[in-house]
Amino acid sequence: MTTEHPAIAVTGLRKSYGEHVVLDGVDLTVARGTVFALLGANGAGKTTTVKILSTLISADAGDIRVAGHDVTAEPDAVRATIGVTGQFSAVDNLLSARKNLLLMADLHHLPKREGRERATTLLEQFDLAEAADKPVATYSGGMRRRLDLAMTLVGNPWVIFLDEPTTGLDPRSRRSMWQIVRGLVADGVTILLTTQYLEEADQLADRIAVLDNGTLVAEGTADELKRRIPGSHVRLRFADTHGLDTAAQVLGRVARDDDALSLRVPSDGSLRSLKTVIDQLDDQAIEVDELSVHTPDLDDVFLALTGDSNKKVTVR
Ligand SMILES: Nc1ncnc2c1ncn2[C@@H]1O[C@H](COP(=O)(O)OP(=O)(O)OP(=O)(O)O)[C@@H](O)[C@H]1O
Ligand SMILES: [Mg+2]
């Protein structure tokens with residue numbers, strides 16, 4: 001493939017199961033060497049999207065290219081470049097981690113010796129060397145998930161699909177998984193992941209998309225998404241009530257907390273709106289003790305964008 005292709009390019013992706021429309025025209029582009037996070041409520045169609053992009057099931061319509069290859073016309077070329085870590089573990093519980101990895105190396109037609117070396121390297125890299133020869137049935141959830149990802153890496157994929165890679169992991173295991181993902185991206189790998197943990201998307205993803213009712217209802221960087229929903233504000237704290245009173249008069253529409261000597265000024269969190277507030281205060285020579293910018297977190301974004309449309313917050 002040539003350099004001009006994005007790692008993943010999807011337009012007009014549709015998929016229904018009988019009458020049930022799961023994906024109703026999804027467009028997305030993932031640049032090479034970036035992490036793209038797909039968010040959505042249970043049943044939104046995240047796994048369906050991952051399965052279509054990784055050639056496991058077919059779409060009803062859409063132009064879907066992975067690594068420049070059409071998933072329908074050239075599924076083998078797509079498969080040769082990708083790795084998939086499914087939502088549910090696909091390792092053989094009766095075998096050891098090493099045996100599982102060797103099986104995978106065979107599937108990728110690696111020469112025996114190379115396969116053994118690859119398995120050993122991955123076991124070390126994923127902190128599984130000690131338990132390498134014990135049956136996977138005895139592993140913890142975190143070890144199993146690490147093995148899942150190690151299995152995906154046997155074939156040296158450069159586009160990786162991770163369907164809820166850290167569901168059920170404790171905070172430490174989650175962080176260690178994040179480190180692994182960052183390491184892969186630093187090596188130039190492209191990752192599309194789905195997650196229920198918005199902090200995970202916030203931590204890892206260059207771009208985030210929210211899937212709801214079959215379409216992407218929002219897409220952007222974490223900061224862009226946070227700015228799109230109401231709730232961003234600047235918080236100002238004053239030394240005394242005089243400052244508080246004057247500022248409240250000058251700034252107009254503010255929420256006031258007399259006990260904390262503070263004001264909440266609605267703001268989109270942008271530099272321009274911050275400057276407007278500061279200029280207004282400066283003009284009146286009002287002293288501010290503390291200024292902080294508060295943007296909604298991704299949980300707010302998610303709740304505002306998905307679910308019951310009656311409760312949906314209108315985005316600008
Ligand atoms: N083989 C199938 N036959 C019929 N319906 C299906 C099939 N696979 C998925 N669905 C339906 O498609 C919808 C999307 O499912 P999908 O597994 O993609 O959701 P998801 O976003 O991954 O959810 P979760 O967060 O629970 O993993 C669901 O309503 C599901 O019931
Ligand atoms: Mg799923």
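Both counts, for ligands and for their atoms, begin at 1 and track the order of listing. Heavy atoms only: backbone and side chains are in, while hydrogens, waters and symmetry mates are out.
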Trainee: Does His294 have more than 12 heavy atoms from other residues, nucleotides or ligands lying within 6.0 Å of its NE2?
Mentor: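 More than 12 heavy atoms, drawn from other residues, nucleotides or ligands, come within 6.0 Å of this atom.
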Trainee: For ligand 1, which atoms sit closer than 4.0 Å to a heavy atom of Gln196?
Mentor: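 Matching atoms, with element in brackets: 25 (O).
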Trainee: Which option, Asn42, Ile52, Val50, owns the non-hydrogen atom nearest atom 26 (O) of ligand 1?
Mentor: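 Selected option, by shortest heavy-atom distance: Asn42.
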Trainee: If you measure from the Lys or Arg side-chain nitrogens to the Asp or Glu carboxylate oxygens, is any gap between Arg98 and Glu117 under 4.0 Å?
Mentor: no
Trainee: Considering only protein heavy atoms, which is closest to atom 28 (C) of ligand 1, and at what distance to one decimal place?
Mentor: Gly43 O, 3.8 Å
Trainee: I'd like to know if Ala41 contacts ligand 1, where contact means a heavy-atom distance under 4.0 Å to any ligand atom.
Mentor: yes
Trainee: Say you draw a straight line from CG of Leu153 to CZ of Phe126; how long is it, rounded to the nearest 0.5 Å?
Mentor: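 CZ of Phe126 is found 4.5 Å from CG of Leu153.
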Trainee: Any N or O of Gly40 that comes nearer than 3.5 Å to an N or O of ligand 1?
Mentor: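 In fact, backbone or side chain, Gly40 has no N or O that close.
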Trainee: In the protein, what heavy atom is nearest to atom 29 (O) of ligand 1, and what distance, to one decimal place, separates them?
Mentor: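 I find the closest protein heavy atom is His20 CE1, 2.9 Å.
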Trainee: Any carboxylate oxygen within less than 4.0 angstrom of a Lys/Arg side-chain nitrogen, looking at Asp163 and Lys51?
Mentor: no
Trainee: Is any side-chain N of the basic residue among Lys275 and Asp279 closer than 4.0 Å to the acidic one's carboxylate O?
Mentor: yes
Trainee: Do any of the N/O/S atoms of Thr47, backbone or side chain, fall under 2.8 Å from the Mg ion (ligand 2)?
Mentor: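 A backbone or side-chain N, O or S atom of Thr47 is under 2.8 Å from the Mg ion (ligand 2).
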Trainee: Thr195 and Glu200: side-chain donor and acceptor closer than 3.5 Å?
Mentor: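 Present: a donor and an acceptor within the cut-off.
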Trainee: Scan the protein's non-hydrogen atoms and note whether one is under 4.0 Å from atom 6 (C) of ligand 1.
Mentor: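 Neighbour list for atom 6 (C) of ligand 1 includes protein heavy atoms (cut-off 4.0 Å).
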Trainee: How far is atom 1 (N) of ligand 1 from its nearest protein heavy atom, and which residue and atom is that?
Mentor: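 Answer for atom 1 (N) of ligand 1: Tyr17 CE2, 3.6 Å.
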Trainee: Considering only the protein, which heavy-atom contact is closest to atom 17 (O) of ligand 1, and what is its distance?
Mentor: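 For atom 17 (O) of ligand 1, the nearest protein heavy atom comes out as Thr47 CB, 3.5 Å.
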Trainee: Given the protein's heavy atoms, is any one of them under 4.0 Å from atom 31 (O) of ligand 1?
Mentor: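 So far as the 4.0 Å threshold goes, atom 31 (O) of ligand 1 is out of reach of every protein heavy atom.
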Trainee: Check for me whether Gly45 has a heavy atom closer than 4.0 Å to any atom of ligand 1.
Mentor: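 It does; at least one heavy atom falls under 4.0 Å.
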Trainee: Under 4.0 Å from a heavy atom of Thr48: give me the atoms of ligand 1 that qualify, with their elements.
Mentor: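 Counting from 1, the qualifying ligand atoms are 14 (C), 15 (O), 16 (P), 18 (O).
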Trainee: Closer than 4.0 angstrom, basic N to acidic O: yes or no for Arg237 and Asp257?
Mentor: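 Answer for the salt bridge query: no.
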Trainee: Assess the side chains of Gln203 and Arg175: does a donor N or O sit below 3.5 Å from an acceptor N or O?
Mentor: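 Looking only at side-chain atoms, Arg175 and Gln203 do not form any donor-acceptor pair under 3.5 Å.
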Trainee: How about CD on Glu287, more than 12 heavy atoms from neighbouring residues, nucleotides or ligands closer than 6.0 Å, or not?
Mentor: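 Counting other residues, nucleotides and ligands, CD of Glu287 stays at 12 neighbours or fewer.
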Trainee: Does ligand 1 have a heavy atom under 4.0 Å from the side chain of Val22, from its backbone, from both, or from neither?
Mentor: side chain
